[in-house]
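Quick note on labels: first sequence line is chain A, next is B, and so on, each numbered from 1.
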Amino acid sequence: MSTLAVDRDEAPLIRLAGLRVSFGGPADAVCDVSFALQPGRALAIVGESGSGKSVTARTLVGLTGGRARVGVDRYEYRGRDVSALHDREWRRLRGKEIGFVTQDALVSLDQLRPVGKEVGEGPRLHGEAGSRAQLRARVVSLLRDVGVPEPELKARQLPHELSGGQRQRALIAAALALDPALLIADEPTTALDVTIQAQVLELLEATRERGKALIIISHDLAVVSRMADDVLVMRYGEVVERGPADAVFGDPQHAYTRKLLDAVPSAHSRGARLSPSSAPRLATASSDDRTHVAERVGGFDGPLLRATGLFKSFRGPDRVSRTVVQDVSFELGVGETLGIVGESGSGKSTTARLVLALERPDAGTVELAGKPWSQLAERERRSRRQDVSVIYQDPLSSFDPRWPIERIVRDSVDKSHIGDGRARVGELLDLVGLERSLRHRRPLELSGGQRQRVAIARAIAVDPAVLVCDEPVSALDVSIQAQVLDLLADLRDELGVSLLFISHDLGVVHHLSDRVLVMKDGIVVEQGLADDVFLRPQHPYTQHLVAAVPRLEVEAPRVAA
Amino acid sequence: MSTIAIDAPGAAGAARIGALLRSLPVGVRIAGAIVALYLLAAVLPGLLQPHDPFATDLDAALQGPSVAHPFGTDQSGRDVLSRVIEGTRQSLAIGVGATALSFVFALALGIAAGLGGKLVDGAINRFLEVLFAFPILFVALLFVAVFGQSVTTQIIAVAIGTAPGYARIIRGQFLTVKGSAYVEAARAVGHSYGKIVRQHVFPNAMRPLVVMFTLGVGQAIVWASGLAFLGLGVAPPSPEWGALLDAGRAYVTSAWWLELTPGLAIVVFALSVTIVGRHVQERLEGKVKVQPL
């Protein structure tokens with residue numbers, strides 16, 4: 001197997017050949033991974049969950065874990081064989097030569113230790129701390145280098161006192177503390193808001209420009225395409241495609257790479273299907289019992305849903321009242337999709353809860369088909385609740401853990417009085433592309449994509465006029481996300497359901513929405529047609545947001561639906 | 001979970017029970033066997049007793065362990081092992097009864113706090129905090145002192161002592177389930193409050209209580225023996241374990257087996273029940289645990 005970029009003059013910093021990792025299961029977690037990497041270059045390993053990319057990363061620094069069986073034909077660091085190092089020798093190499101940034105900064109930092117302690121850990125362990133004052137100065141300068149504001153203060157604070165982006169930077173600072181020649185970052189921007197993600201990516205970019213080698217593990221093709229010189233695409237532990245980033249993204253050779261690229265929703269994918277035609281798709285809705293939403297609200301030609309001047313504030317544990325939603329107004333037409341985008345804390349989920357009448361607005365009203373909705377007493381509203389349905393980001397927690405799939409869907413079916421209960425459950429499962437044989441399984445036994453399909457089946461069982469989707473694809477792999485987005489689009493087109501689609505992902509929202517609302521700190525800063533808002537943003541915040549989105553640098557030729 | 005063996009009749013059922021037993025860790029199997037032995041001793045003590053537990057023989061008083069009396073004899077020459085076996089029924093009755101009664105108190109308080117809204121919750125919480133701050137052992141002692149020493153007063157006294165802790169856990173359970181996403185989803189579907197409470201909140205909040213109960217039984221027996229040791233247990237000559245401990249106290253320097261035997265009975269039982277309970281808990285909760293992505 002040819003290693004990448006061997007023709008370059010410089011000797012590779014790290015050279016790996018034939019890496020295999022097994023956890024005792026039937027299949028290897030990682031199977032025959034090889035690459036070489038020069039200083040100042042970035043290698044990206046991309047893949048979906050279970051592809052073995054994180055296992056590969058951890059193995060590179062000797063952290064695979066006790067149960068793993070690791071085999072490698074050749075593993076050299078600076079020309080030295082490191083394939084058979086002991087724990088103790090790894091500890092000497094880790095941090096000093098190879099920096100490792102773990103994913104999920106919130107759990108990777110010790111909640112009870114000041115951030116500065118964590119950052120200074122490397123120098124301390126490797127006996128390079130010097131005096132306490134010297135170490136403190138070094139920690140502060142490291143934090144400053146990675147762009148943490150007020151580094152003197154933050155170094156003394158605990159992780160929960162820092163924002164998500166600051167924590168991720170602190171982790172990177174800790175990895176850079178000993179000035180390692182190679183930095184490995186495992187999903188460094190997952191769970192970060194897009195503007196924070198952009199800052200972290202810039203930081204990594206700057207590190208590379210200082211001559212460091214970089215290995216980035218990510219599921220996000222756009223992030224990778226921006227950073228990487230070379231790319232490995234992994235699936236089920238195997239490398240399915242490799243090469244320079246331009247080539248892999250511009251002219252993908254392997255069907256899986258192409259599928260991944262096609263699955264990325266963006267402005268370009270509007271109106272097109274994201275998943276291959278072989279994926280389960282919406283069965284034609286044929287039940288006569290179902291009334292098409294447009295007919296049901298017939299005779300009324302105003303907007304289906306109208307929110308006017310919504311306000312909502314909550315009192316925090318410190319008894320200070322915070323306004324989470326301020327003067328939010330919008331309309332949603334029949335069969336229309338309204339996207340709400342915003343970063344964490346922008347009030348988009350609270351807006352969803354107000355629409356669902358799970359919270360009562362402090363001021364303002366929500367009307368449904370021209371009739372009062374948010375002002376109703378719960379008792380009066382209950383009989384109409386079926387008109388507004390919801391799917392969540394985490395379907396698992398929205399299912400009663402004791403119930404099998406059948407019962408979960410049946411519970412909604414019985415509420416709708418449409419058709420015969422048992423048969424209708426089967427119909428709904430068909431509709432969302434789930435095999436009927438899964439009906440006796442429990443949600444825990446299903447994959448993430450299947451769970452979200454169950455949630456959708458339950459949501460549409462009551463034949464809603466409006467489907468509120470609160471981050472419905474944020475926890476899904478890109479190819480599964482593509483299937484779920486396709487399913488939602490089909491439901492909208494076939495059943496005429498209106499979607500209120502909430503997401504932090506601008507690409508996803510742009511792909512699906514007709515109109516868009518951009519929220520920041522509880523305020524709608526901009527709204528309009530999706531293309532106008534995303535392609536010609538007017539408000540500075542929207543411009544900032546749009547600019548921060550990493551894009552696939554090369555647009556793959558898209559297969560028309 | 002519990003239907004595994006019940007609905008399979010005959011040989012198939014036996015085979016499944018066998019398979020279930022083989023799937024258990026050795027420690028849990030041993031603990032289960034010990035618990036079964038205690039239950040047997042409670043139901044049919046005569047089957048296990050080498051001697052009549054009430055037959056006195058002053059010539060054989062305060063003898064150390066021997067072949068005839070593996071755990072020695074007491075000051076009246078009664079066989080200690082037989083007396084401990086005789087006391088099993090009362091001690092287990094106290095353990096189970098006190099835990100059950102404690103759960104009744106705790107459920108009433110916990111459910112009211114969990115479902116009753118902010119005001120009720122606040123009031124019950126303050127009440128529980130007062131109980132926690134109060135030396136609850138003292139209240140239990142007072143109760144026994146006033147109402148006399150019997151199995152019934154023991155049960156009530158121990159229940160008083162343990163109920164506040166359970167009430168707090170149950171309250172937490174109800175609040176957690178009430179705030180869960182699946183309860184919210186049920187609201188969004190349009191179910192009434194009553195139906196949601198019946199259908200989701202109750203069954204899910206009660207799930208861990210089964211296990212808590214088994215763990216509580218062992219604990220209650222330890223509590224009761226504490227009371228007995230302070231002289232407020234079941235009145236002698238009853239061979240309830242705590243009472244035996246109390247009776248042996250006077251001879252602790254000369255006849256150590258009088259203290260050791262009932263003490264061992266308590267420790268081994270509490271330990272075994274706890275091991276079984278924990279295993280059941282892991283089995284049940286392992287299935288509910290959310291896998292990290």
Task: chain B contact via A:Phe399 - which portion, at a heavy-atom distance below 4.5 Å - done: backbone

- [ ] Using a cut-off of 6.0 Å, state whether more than 12 heavy atoms not belonging to B:Phe213 lie near its atom CZ.
- [x] yes

Task: Nearest atoms (heavy-atom pairs only) where B:Ala185 meets A:Tyr392 - done: N-OH, 4.0 Å

Task: Which portion of A:Arg442 sits near chain B, non-hydrogen atoms under 4.5 angstrom - done: neither

Task: Separation between CZ of B:Arg187 and CZ of A:Arg385, rounded to the nearest 0.5 Å - done: 6.0 Å

- [ ] Tell me, for A:Ser397 versus chain B, whether the close heavy atoms (under 4.5 Å) come from the side chain, the backbone, both or neither.
- [x] both

Open item on the list: How about CZ on A:Arg384, more than 12 heavy atoms from neighbouring residues, nucleotides or ligands closer than 6.0 Å, or not?
Closed with: yes

Task: Point-to-point distance, once rounded to the nearest 0.5 Å, from NZ of B:Lys195 to CZ of A:Arg382 - done: 12.0 Å

Open item on the list: To the closest 0.5 Å, what do you measure between OH (B:Tyr193) and CZ (A:Arg379)?
Closed with: 13.0 Å

TODO: Examine whether an atom of A:Val388 lies under 4.5 Å from a heavy atom of chain B, and if so say whether it belongs to the side chain, the backbone or both; otherwise answer neither.
DONE: backbone

Open item on the list: Using a 4.5 Å heavy-atom cutoff, which residues in residues 352-360 of chain A come close to chain B?
Closed with: A:Arg353, A:Ala357, A:Leu358

- [ ] Using a cut-off of 6.0 Å, state whether more than 12 heavy atoms not belonging to B:Phe132 lie near its atom CZ.
- [x] yes

Task: Pairwise side-chain contact, B:Gln199 with A:Trp403, heavy-atom cut-off 4.5 Å (strictly under) - done: yes

Open item on the list: Using side-chain heavy atoms (C-beta onward) and a distance below 4.5 Å, is B:His191 in contact with A:Asp411?
Closed with: yes

Open item on the list: More than 12 heavy atoms of other residues, nucleotides or ligands under 6.0 Å from CZ of B:Phe127: yes or no?
Closed with: no

